[in-house]
Amino acid sequence: MTRTSTPLTTDRKNAHLDLAKTSQPLADHPLDAVSLPYCALPECDLNRVSLTTEFLGIELDSPLIITGMTGGTDRAMAINRVLADTAQKKKVALGLGSQRASLESGQSQAELRRLAPDAVLIGNLGGAQLAGKDGLKLARAAVEDIRADALAIHLNPLQEAIQPEGDHDWRGVLSAIETAVGTLNCPVLVKEVGAGLSGNVVRRLAAIGVRHVDVAARGGTNWAQIELNRRPETDRAHYAPFLSCGLMLPDAIAQARAVSNHLCIIASGGVRHGLDAAKCLWLGADLVGMAGHILRTVEDNAGHLHPKQLSDLLYTVQQQLRLSLFLAGKSSIKAFKRE
Ligand SMILES: Cc1cc2nc3c(=O)[nH]c(=O)nc-3n(C[C@H](O)[C@H](O)[C@H](O)COP(=O)(O)O)c2cc1C
């Protein structure tokens with residue numbers, strides 16, 4: 001029996017989608033200050049540059065992930081259907097947004113696995129929910145529902161602290177993640193949502209067995225700003241000083257990579273194109289994630305969906321990434337990362 005999400009959850013999810021579309025990457029983006037090596041003697045064929053990358057035991061056409069955005073409402077499901085179909089066709093990985101609302105209201109998103117039978121699909125739950133009552137049960141249900149290849153646990157204390165209805169009690173999250181790592185039948189990936197995982201946090205996660213992190217740093221979608229905009233005018237001055245909290249993407253990648261060469265690091269936070277993606281790999285990431293830019297491409301302001309525009313965007317990002325490798329004189333991701 002399928003129930004729908006509460007009107008409150010639907011309103012919040014819709015507001016998040018609408019406000020996230022207005023949250024543009026920083027004008028002075030920190031990746032603009034990073035230069036890639038330029039090789040005037042590439043000795044390789046641009047058209048044969050290979051972007052194939054293995055992730056969670058599956059070969060992707062390129063090291064790209066559409067990171068978790070939404071779920072649990074009709075609008076979210078319509079967006080996720082397009083994302084799943086595209087992930088299957090373009091062989092990129094796909095993260096879902098938090099599955100809490102859909103699971104708690106008895107809705108299944110198993111249809112997404114049917115649309116993307118061969119894709120890497122990543123489930124999603126909040127750290128504070130995982131640490132709550134029945135958190136592990138929810139985590140198991142999230143994995144089972146979409147036969148997830150990994151479960152992402154998002155850490156978003158900045159967002160939750162500013163969100164009018166946010167979770168403020170973050171005690172016990174690390175030990176809940178440790179239990180999930182030891183119990184679930186798939187890897188646990190830990191991510192931020194746009195304020196960045198610091199080296200210190202990544203070190204604590206690595207120490208409890210986490211092997212996959214998405215640093216999801218500052219530079220793109222700004223959840224502090226989005227939640228501030230959902231607050232009454234009278235509250236805003238109180239939270240405004242915190243809008244610039246968090247780490248910038250190049251710094252977050254470097255801090256995470258300094259923890260271990262064996263971690264799988266996903267870089268996200270304002271990635272705009274394939275040259276940005278190449279810079280993230282160059283700085284030490286294994287894969288690159290995009291959310292806000294994908295959302296703005298797939299759904300216009302009138303709520304119409306554009307699957308073709310999304311495919312075209314991914315094609316362009318892949319071609320730009322290929323060109324970046326060629327100009328560095330490298331014919332594969334592996335060779336590029338070894339430089
Ligand atoms: C509309 C929207 C909803 C999001 N919801 C989630 C979520 O439920 N769980 C999560 O882990 N991250 C969520 N994120 C964060 C993204 O996965 C990503 O980490 C973040 O937006 C940074 O990437 P970007 O700058 O490319 O948008 C959401 C992002 C957007 C744009």
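As the structure lists them, so they are numbered: ligands from 1, and atoms in each ligand from 1. These numbers come from the heavy atoms of this one structure, side chains and all, not from hydrogens, waters or symmetry mates. The residues of the chain are indexed from 1 along the displayed sequence.
Salt bridge Arg81/Asp85: absent, no basic N to carboxylate O contact under 4.0 Å. Asp286 has a carboxylate O that lies under 4.0 Å from a charged side-chain N of Lys337, or vice versa, which qualifies the two as a salt bridge.
For Arg272, the side-chain hydrogen bond (donor to acceptor under 3.5 Å, both in side chains) partners at least two apart in sequence or on another chain are Asp32, Asp276. With sequence neighbours excluded, no residue satisfies ring-ring contact (aromatic ring centres under 6.0 Å, His included) with His212.
Looking at Ile65 and Asp214, their side chains never come closer than 4.5 Å, going by heavy atoms from C-beta outward. Within the 4.5 Å cutoff, the side chain of Arg230 has heavy atoms near those of the Glu165 side chain. Counting only heavy atoms from C-beta outward, the side chains of Val201 and Glu192 never approach each other to under 4.5 Å.
If you check which protein heavy atom lies closest to atom 27 (O) of ligand 1, you get Thr221 OG1, 2.5 Å. What sits closest to atom 1 (C) of ligand 1 on the protein, heavy atoms only, is Ala20 CB, 3.6 Å. With respect to atom 22 (C) of ligand 1, the closest heavy atom belonging to the protein is Val193 O, 3.9 Å. Remark: minimum distance from atom 30 (C) of ligand 1 to any protein heavy atom is reached at Trp223 CZ2, 3.4 Å. Among all protein heavy atoms, the one lying closest to atom 8 (O) of ligand 1 is Ser98 N, 2.8 Å.
Close contacts between ligand 1 and Gly97 involve ligand atoms 7 (C), 8 (O) [criterion: under 4.0 Å to a heavy atom].
Residue Leu295 places a heavy atom less than 4.0 Å from ligand 1. Under a 4.0 angstrom heavy-atom cut-off, Glu192 registers as being in contact with ligand 1. At least one heavy atom of Gly269 sits closer than 4.0 Å to an atom of ligand 1.
Of the candidates Met69, Arg272, His154, Lys191, the one placing a heavy atom closest to atom 12 (N) of ligand 1 is Lys191. Of the options Gly68, Gly220, Ser23, the smallest heavy-atom separation from atom 16 (C) of ligand 1 is shown by Gly68. Within the set Val215, Asn124, Leu189, the minimum heavy-atom distance to atom 9 (N) of ligand 1 is found for Asn124. Checking Gly71, Gly270, Ala291 against atom 25 (O) of ligand 1, the nearest heavy atom belongs to Gly270.
The shortest N/O to N/O separation between Gly292 and ligand 1 falls below 3.5 Å. Distances between N or O atoms of Thr67 and those of ligand 1 include at least one value under 3.5 Å.
Using a 3.5 Å distance cut-off with no hydrogens or angles, the side chains of Glu111 and Asn80 do not pair a donor with an acceptor. Of the N and O atoms on the side chains of His16 and Glu227, at least one donor lies less than 3.5 Å from an acceptor on the other residue. There is no side-chain donor-acceptor pair under 3.5 Å between Asn222 and Ser23.
At a heavy-atom distance under 4.0 Å, only side-chain atoms of Ala216, from C-beta outward, approach ligand 1.
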